[in-house]
Number of protein chains: 2
Amino acid sequence: MDLIDVFKALSNKTRLNILQWLKDPEKHFPKQGAHLPKEVSYKGGVCVGDIQEKSQASQSTVSHYLNMMQKAGLLESVRYGQWTYYRRNEEFIRQVAEYLRTEI
Amino acid sequence: MDLIDVFKALSNKTRLNILQWLKDPEKHFPKQGAHLPKEVSYKGGVCVGDIQEKSQASQSTVSHYLNMMQKAGLLESVRYGQWTYYRRNEEFIRQVAEYLRTEI
DNA sequence: ATTATATATCGTTATTTTTCGATATGTCAA
DNA sequence: TTGACATATCGAAAAATAACGATATATAAT
């Protein structure tokens, strides 16, 4: 776990928002899931386009953010056809919190 | 609590090191405390010069780092004469960890 | 008062990050 | 197989951060 990359990924309002939105996708992306049955899409996360729309940043910026967060370990992604769904890596986030609590 | 500033302050190896060194000053700054009685200096934290020496960054950089971490809330400082002692703000750090665990 | 020491601040340059538009790639539908 | 759409990647410009030496400020010692 490269903590520096994790904290860098968290050092941005939009990225922090995305992470928190993904905590409750039904709430923050109510109209998503047109592409796939609800069970699948919510379990799989939220697609880039929906996140981009909500975040008000450009498509390339959001794609870059998501990739950065995934590399840091905070997110994971699944591809369904032409869509990439991003969701939180809860276990990793838990570990970061625990590390911060005990080692920092 | 401005989380962004907290995470920015944590996004640097040297600053992270400093925070961890200050968790156990006796261990990481064994020869410090020449200026003041041990009880006082350890309770009050570690002076800038000792931190600077250990961190191998320039004096101005370390001073800047410490100020940044203090502004973020992670550190607090006390001045004894010409020395400024920095120590961890444990309560704040605990709150950050708790916030990360539950809200992020 | 002068000098020495510790820390803070200033000004500058180098580096990194941010952010975007343009373009490439990959997938689906007609 | 062509066209439409979703996402990723590229390249560049702007903005922010990092890091230093020089200098200022504050305190202490002579």
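- If you take CD1 of A/Ile18 and C1' of C/dT18, they are 14 Å apart, rounded to a whole angstrom.
- No side-chain donor-acceptor contact under 3.5 Å links B/Ser63 to the backbone of B/Gln59.
- Of the listed nucleotides (D/dA8, D/dA18, C/dT7), C/dT7 has the atom at the smallest distance from the side chain of B/Val48.
- When side chains are defined from C-beta on, B/Trp83 does not count as touching B/Val48, because their heavy atoms never get closer than 4.5 Å.
- Within residues 4-12 of chain B, the residues that place at least one heavy atom under 4.0 Å from DNA chain D are, in residue-number order, B/Lys8, B/Asn12.
- Put simply, CD on A/Gln52 and NZ on A/Lys54 are 13.0 Å apart, with the number rounded to the nearest 0.5 Å.
- Among the atoms of the strands shown, base atoms are found under 4.0 Å from some heavy atom of B/Thr61.
- Between the NZ atom in B/Lys71 and the CG atom in B/Leu66 there is a gap of 12.5 Å [rounded to 0.5 Å].
- Neither OP1 nor OP2 of C/dA6 sits under 4.0 Å from any side-chain N or O of B/Tyr86.
- A/Phe92 has its side chain out of reach of A/Glu76: every pair of non-hydrogen atoms, C-beta onward, lies at least 4.5 Å apart.
- The only member of B/Leu10, B/Ile18, B/Asp5, B/Val6 that meets side-chain contact (heavy atoms from CB on, under 4.5 Å) when paired with B/Met69 is B/Ile18.
- Considering CD1 of A/Ile51 and OH of A/Tyr85, their distance stands at 10.5 Å, rounded to 0.5 Å.
- Taking 4.5 Å as the limit, every side-chain heavy atom of A/Tyr80 sits out of range of all side-chain heavy atoms of A/Cys47.
- In this structure, B/His64 reaches neither bases nor backbone, as no heavy-atom distance under 4.0 Å exists between it and the strands shown.
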Under a 4.0 Å heavy-atom criterion, the protein footprint on nucleotides 22-28 of chain C, written with B, S and -, is B---BBS
Given side-chain contact (heavy atoms from CB on, under 4.5 Å), test A/Ile104 with B/Gln20 step by step and report yes or no. CA-CA 6 Å; A/Ile104 291 179; B/Gln20 288 171 329; 3.7 Å; yes
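- Checked by atom type and distance alone, the side chain of A/Arg88 never pairs as donor or acceptor with a backbone atom of A/Leu22 at under 3.5 Å.
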Residue pair A/Arg101, B/Leu100: steps toward the side-chain contact (heavy atoms from CB on, under 4.5 Å) verdict: CA-CA 9 Å; A/Arg101 189 177 73 78; B/Leu100 181 57; over 6 Å; no
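- Atom NZ of A/Lys13 and atom C1' of D/dA16 are 19 Å apart (whole Å).
- Residues of residues 66-75 of chain B having a heavy atom closer than 4.0 Å to DNA chain C: none are found.
- One finds no side-chain N or O of A/Ser63 lying less than 4.0 angstrom from the OP1 or OP2 phosphate oxygen of D/dT7.
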